[in-house]
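Proteins come first, then strands; the chains are lettered A, B, ... in the order of their sequence lines, and each starts at number 1. What's counted below: heavy atoms across the whole structure, side chains too, no hydrogens, waters or symmetry copies.
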Amino acid sequence: MPRVTLHELAFARSGDKGDVCNIGVMAKSRRVYELLARELTVERVRAHFGAMVHGAIERYPLDNLDSLNFVLRGALGGGATKTLRFDQTGKAMCTAMLRLELEAPAELVDEARRVTASLEGSP
Amino acid sequence: MKSVRIASGSAFWGDMLEPAIELAEKADVQYIGFDHLAELTMAILNRTKAKDPKAGYIPDIVPWMQRLLPIARRKHIRLVTNAGGANPRQAAIEVGKVAASLGLGKLRIGVVEGDDILPKIDELRRSGWRFKNLDTGEDDIDSIRGDLVAANAYIGADVIRDHLAAGADVVITGRASDNALYVGPLMHELGWQFGDRDVDRIGAAITVGHIIECAGCVTGGMSNMWKISERPWAMGFPIAEVFENGDAVISKPAGSGGVLNEWTVKEHLIYEVHDPANYLMPDGVADFTALRLTTDGPGRVRVTGMKGKPRPTTLKVCLGYRDGFIGEGLAFFPWPDALQKAEWAAHWVKERLAATGVACRELKIDLVGVDMLHGSIAPRDDRNYNEVGIRVAGRTRTADEADAIRREVTHLWNSGPLGSCFGVPLKVRPVVSLWPSLVPREAVPVTGEMMEVG
């Protein structure tokens, strides 16, 4: 199976509430969502972020939106008003998440690529 | 079916004004909500008010109202804003002056106050309430009581709704939740009440408020769709048409730029949310896990099946306290050996801080262009960078210590490797740390006063 970045398979958006960062991961198709629901586990995400996240990580599924919401506690250097991070409010945490690598069946990777291509081909 | 058209004209203090004017001029809306506040903003406004009792509101409200009020009057659009910040009463007085100077005739301005609970903190604690820190679990605020500078509860839509029922043209609040700016008008127009009957409809109002409250963030801003955003410099801000059965259609002004599709609505639904089945707001608890999104024509997304639960008995309160200072510096290094030069400079700064005895509570040095945004996840390779920067940031107890950090980076201007470059010096800034907590709803009596001008 090809190994691809999450960027190939999903969109993502992140933000802050105090020292807590949440990252919404939106699968590019229903079948990709089913794959991510199995493979994109809390353990996987914890290993990816390593020492960047000090607290608990929670995962919430949104089956209706083919999306997973990850809540990362202790991830923003104490929160926007006191953090030393340049990215005070965690806006780039979603793109750091998209660097995560997964093994995915080639046909799902193609399916996700077709979604990206159809979007970018027709505004 | 009865419906109401409500739009979002601002997401933060400093947002663009032109999309709000476009909404008022061209979008056939009945209400425009304006969020100007964030946790840090309230701390700044409280500090401003402490220095000058006639300050503490968002100063932008004056030029904004100069542009928006004449259009709103002509088109019968009602404006709801939390630009009152730490001083909604003074903000209303200033808006009244704007209306008078423009000769707009009689204008009713509803003021919403009561979110500031700082004067009541000790009394509440004496009565047995503890301000437990929701992030850290610490039991109460003993360790920070002496440094408290702000305590604002996130208040709900009740008094906004009442002002609208009483005929307010403009409603100006303090720290109303961003969301309540939208829930209030929807409750008023559609006759929705707190309680069992409308619990899903209030849930829908909260969900719709959440979708549009960050303005351009659902119409192409901050988006995975940035490549397909049309004329993004002319981005339109979002409009929600909300129906009395609790369904809604999200759109943006005809002919406006940006992009709005199911993806951008999804992006915003999961934005700054923890448990999506329990999105806690002062007016209720929305459940985002049941709703459906469907495309309703180009640039239009229909939202159906929104659910809610009754409003909580507590309100969130954000306590702000003085917590030292941050000193910061930047320097950049060019090819050849840009990365090695930056690493050399990072080491140099650490040695200098140690040698001069600067005490830091925390120090962070990023390599700009290498790992500043992705930290340890960023791949490190021997790429032949054209330029790499260092960003040094340190948190200290005193302003002098923070300034010493800033200064140390400027010393690289003359002492760094070949080609070291610098911009302008950055300023030391005070830190207001936040202590998120809860307060009983009944301890925050929200009050409303109608001011009439003209």
Side-chain angles (χ1 to χ4, degrees), chain A residues 7 10-26 28 48-52 55 58 60-69 71 73-74 77-100 115-116 119-123, chain B residues 38-40 43 134-136 214 217 222-225 227-230 259 261-263 265-277 288-293 305 318 320 323-324 326 328 362-364 366 368 372-379 391 393-395 431-436:
Chain A
H7 178 51
F11 299 117
R13 160 87 74 88
S14 56
D16 69 312
K17 285 265 188 282
D19 200 21
V20 184
C21 178
N22 90 292
I23 306 176
V25 175
M26 294 154 272
K28 291 184 184 176
H48 181 63
F49 281 97
M52 287 171 69
E58 295 141 32
Y60 297 95
L62 292 100
D63 293 344
N64 57 330
L65 301 177
D66 295 338
S67 299
L68 297 169
N69 187 36
V71 175
R73 298 184 183 274
T81 64
K82 79 184 286 193
T83 188
L84 297 181
R85 291 166 48 90
F86 182 82
D87 176 24
Q88 299 178 319
T89 52
K91 305 293 192 230
M93 290 288 277
C94 56
T95 55
M97 175 76 116
L98 291 178
R99 281 192 178 278
L100 190 146
V115 171
T116 313
L119 276 168
E120 296 186 353
S122 58
Chain B
E39 292 160 335
L40 181 57
L134 296 176
D135 277 356
T136 64
C214 290
C217 295
M222 209 190 279
S223 179
N224 294 270
M225 303 291 119
K227 287 181 190 166
I228 62 164
S229 180
E230 294 180 337
V259 55
N261 60 25
E262 285 181 45
W263 290 109
V265 175
K266 259 192 215 188
E267 282 177 330
H268 209 75
L269 272 167
I270 49 85
Y271 181 61
E272 296 187 344
V273 167
H274 290 179
D275 175 359
F288 299 158
T289 65
L291 60 83
R292 294 277 155 213
L293 302 179
C318 213
D323 195 14
I326 290 178
E328 198 174 346
E362 189 186 354
L363 182 74
K364 189 173 194 309
D366 297 312
V368 185
M372 184 170 74
L373 299 180
H374 285 180
S376 54
I377 290 172
R391 172 181 175 269
R395 213 154 46 79
V431 174
V432 175
S433 285
L434 300 175
W435 184 288

- Taking all heavy atoms of A/Ala96 and all of B/His374, pick out the closest pair and write down the distance. N-NE2, 3.2 Å
- Considering all heavy atoms, the nearest A/Gly18-B/Glu39 contact: N-OE1, 4.0 Å
- Query: B/Lys266 side chain to A/Leu65 main-chain N or O, any donor-acceptor pair under 3.5 Å?
  - Reply: yes
- Query: Contact part of B/Ala290 toward chain A, heavy-atom cut-off under 4.5 Å: side chain, backbone, both or neither?
  - Reply: backbone
- Item | Donor-acceptor under 3.5 Å (A/Asn22 side chain, B/Val273 main chain) | yes
- Message: I'd like to know if the side chain of B/Asn224 and the backbone of A/Ala12 have a donor-acceptor N/O pair within less than 3.5 Å.
- Response: yes
- Side chain A/Arg13, main chain B/Ile270, donor-acceptor under 3.5 Å: no
- Query: Looking only at heavy atoms, which two atoms of B/Trp263 and A/Lys28 are closest? And how far apart?
  - Reply: CH2-CA, 3.8 Å
- Task: Go through the atoms of A/Ser14 and report whether side chain, backbone, both or neither lie under 4.5 Å from a heavy atom of chain B.
- Result: backbone
- Task: Would you check if the side chain of A/Asn64 reaches a backbone N or O of B/Arg292 as a donor-acceptor pair within less than 3.5 Å?
- Result: no
- Task: Taking only Lys NZ, Arg NE, NH1 and NH2, and the carboxylate oxygens of Asp or Glu, determine whether B/Glu272 and A/Lys91 approach each other closer than 4.0 Å.
- Result: yes
- Item | Reported NE2-to-CZ distance for the pair B/His274 and A/Arg73, which is rounded to 0.5 angstrom | 6.0 Å
- Query: With a 4.5 Å heavy-atom cut-off, do A/Leu119 and B/Asn261 have their side chains touching?
  - Reply: yes
- Item | Residue B/Asp275 versus chain A: region with a heavy atom under 4.5 Å | both
- Note on the structure: To the nearest 0.5 Å, atom CG of A/Asp87 lies from atom CG of B/Leu373 at 6.5 Å
- So, the side chain of A/Asn69 versus the backbone of B/Pro276: is there a donor-acceptor pair under 3.5 Å, distance only? no
